[in-house]
Amino acid sequence: MFGKRAGVLLAAALLASVLGACGDDDSGGGGSSGGGGRLVIGFAQVGAESGWRTANTKSIQDSAKAAGVELKFSDAQGKQENQIKAIRSFITQRVDVIAFSPVVESGWDTVLKEAKDAEIPVILTDRAIDSPDDSLYETFIGSDFVLEGQKAGEWLTQEYQGKTDPVNIVELQGTPGAAPANDRKAGFAEVIKKDPKFKVIASQTGQFTRTDGKQVMETFLQSHDDIDVLYAHNDDMGLGAIEAIEAAGKVPGKDIKIITVDAVKDGMTALSEGKINFIVECSPLLGPQLMDLAQKVADGQSVEKRVLTKETTFTPEQAKEVLPERKY
Ligand code: GZL
């Protein structure tokens, strides 16, 4: 029934479809669309410096699994050069979308221009970059860190309402150059400068880690015997500082009031025990929204340039109520 000509046409059609499929991997635009057309995301994570970061990684990995996304994940151990290397590797592998949490705000233009030239869309998660060229990324999903610092300052203003004695504050800053460190410091300073009784007598990085938070707090305690308040840019540094405060024979939450940011489980536990007085929440659960945004971006849909994460604040009483159902 089939003439010779039909057989040749059929073979040609089969060959074309096979070559066409291979050609997708090398096409200029878009990515490799992993096995069976699955979305392929290359994610360059900051590291594993805090409870927040661990929860953030889990949210992204669990959400990728649930969404059937092929996730190529790299941990930069806190080094920008490792994140840049990872992004270049994702470009070589021709992933569909690159997402990352910039460990610091600056130094990204060159590598993001390479991603743009390769026509691979980029999504910023968690932390922003300070590049003036916002065509280098499709969207930024994360918190408003200045607002978080302002919320911390507003609580302190309320706490010392009507008091006139000087209030000596020490500050544990996050990673130098990181958006949350810069902005939480700026937001807090903007609020407390309205009242001259507030004085930051020492401010130093604790690198967002418990270990460094404890060590720096020890030096603060050695050089100042009149500390009234600690403002730590994340729970982990606050928890390390609590160890130093207790070792110095002082009562955290009473002798030294403590404000932190994040609201991870260990921080909320210390809050419920009164060792921390106030926590500003910063949600690490960015995974589901990231997967949704990445699919839209890969499909060429336009997405909003800025996706703000919803978050609140907690007092000790509120921590006791919500702790049982906290996911992280
Ligand atoms: C905030 C995030 C910060 C957390 C820290 O979005 O980048 O980095 O506050 C984490 O706990 O290390």
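None of these values were measured; they are calculated from a predicted model. The chain is numbered in sequence order, starting from 1. Ligands are counted one by one from 1 in listed order, and the atoms in each one are counted from 1 as well.
- By the criterion of a heavy-atom distance under 4.0 Å, the side chain of Arg184, and not its backbone, is placed next to ligand 1.
- Shortest non-hydrogen contact noted between Ala64 and Leu71 is CB-CB, 3.9 Å.
- Cation-pi geometry between Lys305 and Tyr137 is satisfied (NZ or CZ under 6.0 Å from the ring centre, within 45° of the ring normal).
- Between Glu246 and Lys275 there is a salt bridge, since a side-chain N of the basic residue sits under 4.0 Å from a carboxylate O of the acidic one.
- The shortest N or O to N or O distance between Arg127 and ligand 1 is under 3.5 Å.
- Distances below 4.0 Å separate heavy atoms of Phe145 from the following atoms of ligand 1: 1 (C), 6 (O).
- Residue-to-ligand polar distances place Asp262 within reach of ligand 1: an N/O pair is separated by less than 3.5 Å.
- Polar contact with ligand 1: present for Ser50 (N/O pair, distance under 3.5 Å).
- Residues forming a side-chain contact (heavy atoms from CB on, under 4.5 Å) with Pro166 (at least two apart in sequence, or on another chain): none.
- Taking every non-hydrogen atom of Cys282 and a distance limit under 4.0 Å, the qualifying atoms of ligand 1 come out as 1 (C), 6 (O).
- Under 3.5 Å, the side chains of His233 and Glu148 contain no donor-acceptor pair of N or O atoms.
- The shell of residues lying under 4.0 angstrom from ligand 1, judged by heavy atoms, includes Asp126.
- Close approach of ligand 1 to Pro180 (heavy-atom distance below 4.0 Å) involves ligand atoms 7 (O).
- Not a single ring-ring contact (aromatic ring centres under 6.0 Å, His included) links Trp52 to another residue, sequence neighbours left out.
- The residues Asp96 and Arg38 are annotated as not salt-bridged, no charged nitrogen and carboxylate oxygen being separated by less than 4.0 angstrom.
- Below 4.0 Å from some heavy atom of Glu49 lie the following atoms of ligand 1, by number and element: 8 (O), 10 (C), 12 (O).
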